[in-house]
Number of protein chains: 2
Amino acid sequence: MSTTTRDRLVTATAELMRRQGYSATTVKQVTVAAHAPMGSLYHHFPEGKPQLAASALRTSGAAYIQLLPLLMDPYDDLREAIPAAFAAAAEQIRGSGWMNMCPVGTVAGEIADSEPGLREVTAEVIGSWVESGADYFVRRGLADVDARDLIFAVLAALEGAFILCRTLRSVEPLRAAGRAMAARVEAMVAVSGG
Amino acid sequence: MSTTTRDRLVTATAELMRRQGYSATTVKQVTVAAHAPMGSLYHHFPEGKPQLAASALRTSGAAYIQLLPLLMDPYDDLREAIPAAFAAAAEQIRGSGWMNMCPVGTVAGEIADSEPGLREVTAEVIGSWVESGADYFVRRGLADVDARDLIFAVLAALEGAFILCRTLRSVEPLRAAGRAMAARVEAMVAVSGG
DNA sequence: GTCTATAGGGCGATAGAC
DNA sequence: GTCTATCGCCCTATAGAC
């Protein structure tokens with residue numbers, strides 16, 4: 001196996017948190033999934049479960065940040081790109097059997113009021129999504145203020161629609177959210193004349 | 001005390017799940033907060049923690065359903081009402097010290113892939129939000145299809161923006177989401193000529 | 001319907017040989 | 001850096017008196 005023990009621990013933690021959240025994920029489950037003994041976990045992560053979770057959230061966040069540009073790049077017109085990205089996410093989630101795709105949003109909601117250290121980590125990760133997303137929208141022709149406004153709305157709509165789709169077992173929320181975001185972009189380019 | 005033991009157990013569970021989620025909330029914490037002994041909990045809820053959580057989610061959901069009309073009724077124009085409701089939610093959450101307002105959305109995200117019984121309960125609750133919200137938008141003049149489309153987008157944007165606001169300690173996501181929903185309504189009334 | 005006491009198991013974390 | 005064995009605690013749930 002070419003992966004290090006440390007990498008396997010982080011990956012297993014991300015995977016388990018994605019499906020069960022932070023509290024329901026036990027360090028025992030992590031060691032079993034990572035084929036690593038207890039002692040290795042506390043060797044690499046002396047502060048234990050929170051430190052391991054922080055690492056998994058940062059890694060997942062860094063991977064997830066690349067997805068939005070990837071989905072929107074094929075479309076010349078941002079008014080087309082945005083609902084297409086939401087529709088692609090909808091098909092992805094439906095095809096997976098309504099599974100959670102990324103632990104960051106759900107874990108953020110679960111621990112925001114009760115785990116200050118982890119809340120700061122999720123804030124850092126989501127903050128980096130905002131920065132990179134706003135930069136992308138500027139590159140696609142939006143003004144700085146509009147780009148920032150739009151990425152906040154898009155991330156909120158995506159995270160909320162993920163929860164609704166997984167709960168209701170329906171792609172309708174993601175599709176409706178995509179149409180709403182398209183309307184917002186339309187309003188922006190109508191004013192700036194893009 | 002005028003409340004029954006059963007009611008206090010349900011209220012305490014809703015309150016604890018709102019702040020900590022489902023997995024991190026223990027039945028011991030519930031009995032302490034409700035000033036009720038262990039035996040009473042298992043007398044009223046023989047199936048234990050999941051049954052108690054289901055009751056708390058249904059109660060919270062029924063209370064929460066009334067909030068959106070309450071916030072939007074004062075405004076004659078739906079294009080004004082929607083961003084105003086998002087702005088009011090933003091001030092509420094800021095004023096509370098960025099606390100979660102309702103356990104349904106966050107618990108739904110936490111358990112959708114791992115607790116089938118509770119997932120069905122959250123689906124039922126959110127489904128009732130969709131029904132009642134769509135009815136409200138129809139009463140406010142939207143076509144059936146538009147009303148359903150809009151409530152899905154609004155609920156997704158609200159739930160997602162709540163998580164972002166609490167995590168980032170900023171009202172920006174809720175404000176941006178409100179502006180996006182306003183643009184969607186604008187597009188709807190422009191077509192139907194409302 | 002209320003309450004105390006406790007069972008039985010899994011939790012996060014640690015010790016210490018290798 | 002890896003691994004086994006285990007600690008002490010807290011978890012959900014139950015038994016049984018009142």
Side-chain angles (χ1 to χ4, degrees), chain A residues 1-57 59 103 107 110-111 113-119 121, chain B residues 1-57 59 103 107 110-111 113-119 121:
Chain A
M1 182 125 24
S2 66
T3 58
T4 66
T5 299
R6 201 198 125 99
D7 283 345
R8 290 200 315 278
L9 286 166
V10 172
T11 304
T13 303
E15 171 70 15
L16 285 161
M17 287 201 303
R18 185 170 73 77
R19 287 171 9 203
Q20 310 174 334
Y22 172 72
S23 297
T25 296
T26 74
V27 292
K28 182 74 192 160
Q29 288 177 326
V30 171
T31 58
V32 169
H35 307 290
M38 274 315 266
S40 290
L41 191 154
Y42 284 93
H43 169 74
H44 291 290
F45 302 93
E47 289 154 48
K49 186 179 169 179
Q51 188 186 8
L52 185 54
S55 224
L57 288 169
T59 302
V107 169
E110 181 190 354
I111 55 83
D113 300 344
S114 53
E115 299 276 346
L118 281 181
R119 196 224 96 223
V121 174
Chain B
M1 184 128 16
S2 66
T3 58
T4 66
T5 299
R6 203 198 121 98
D7 284 346
R8 292 201 312 280
L9 287 165
V10 172
T11 305
T13 304
E15 171 69 15
L16 284 162
M17 286 202 304
R18 186 170 70 79
R19 288 171 7 203
Q20 308 175 336
Y22 172 72
S23 297
T25 296
T26 73
V27 292
K28 183 74 191 161
Q29 288 178 325
V30 172
T31 57
V32 169
H35 307 291
M38 230 26 207
S40 289
L41 190 153
Y42 284 92
H43 170 75
H44 292 289
F45 302 93
E47 290 155 47
K49 186 180 168 178
Q51 189 185 9
L52 184 56
S55 224
L57 288 169
T59 303
V107 169
E110 180 190 356
I111 54 84
D113 300 343
S114 52
E115 300 276 346
L118 281 181
R119 195 224 97 221
V121 173

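Keep in mind it's a predicted model, so treat the numbers as computed, not measured. Note that these values count all heavy atoms, side chains included, but never hydrogens, waters or copies made by symmetry. Within every chain, numbering begins at 1; the chains are lettered A, B, ... in the order of the sequence lines, protein sequences first and strands thereafter.
Regarding contacts with the backbone of C:dG10, every side-chain N or O of A:Thr26 stays at 4.0 angstrom or more from both OP1 and OP2. Note on A:Tyr42: a side-chain N or O is less than 4.0 Å away from OP1 or OP2 of C:dA13. Applying the 4.0 Å criterion to OP1 and OP2 of C:dT2, one finds that B:Ser40 has a side-chain N or O inside that range. Distances shown here put every side-chain N or O of B:Lys28 at or beyond 4.0 Å from the OP1 or OP2 atom of D:dC11.
A:Arg8 approaches A:His35 most closely through the heavy-atom pair NH2-O, 3.5 Å.
Residue B:Met38 places its side chain closer to D:dT12 than to any other of D:dT12, D:dG1, D:dA5. Comparing C:dT4, D:dA5, D:dG1 by their nearest atom to the side chain of B:Pro37 picks out C:dT4. Here C:dT2 is the nucleotide among C:dA13, C:dT2, D:dT2 with the atom lying nearest to any side-chain atom of B:His44.
Between the A:Thr59 side chain and the A:Ser55 main chain, a donor and an acceptor come within less than 3.5 Å of each other. For B:Glu110 (side chain) and B:Ser23 (main-chain N/O), a donor-acceptor pair under 3.5 Å exists by modelled atom type.
Between B:Thr5 and A:Pro46, the residue anchored nearer the 5' end of DNA chain C, judged by the nucleotide with its closest heavy atom, is B:Thr5.
Spacing between atom CZ of A:Phe45 and atom P of C:dT14 amounts to 15 Å, rounded to whole angstrom units. Whole-Å rounding puts the A:His43 NE2 to C:dG12 P distance at 21 Å. For B:Leu41 and D:dC11, the CG to P distance is 14 Å, given to the nearest whole Å. Spacing between atom NZ of A:Lys49 and atom C1' of C:dG10 amounts to 12 Å, rounded to whole angstrom units. Here the P atom of nucleotide C:dG1 and the CG atom of B:Leu9 are 12 Å apart, to the nearest Å. Atom C1' of nucleotide C:dT2 and atom NE2 of B:His35 are separated by 16 Å, given to the nearest angstrom.
Judged by the 6.0 Å distance and 45° axis criteria, B:Lys49 is not positioned over the aromatic ring of B:Tyr42.
Residue A:Thr25 is classed as a sugar-phosphate contact, given heavy-atom separations below 4.0 Å to backbone atoms only. Using a 4.0 Å heavy-atom cutoff across all strands shown, B:Gly39 reaches at least one base atom of the nucleic acid.
At a threshold of 4.0 Å, the pair A:Glu15-A:Arg19 counts as salt-bridged, since one of the basic side-chain nitrogens sits closer than that to a carboxylate oxygen.
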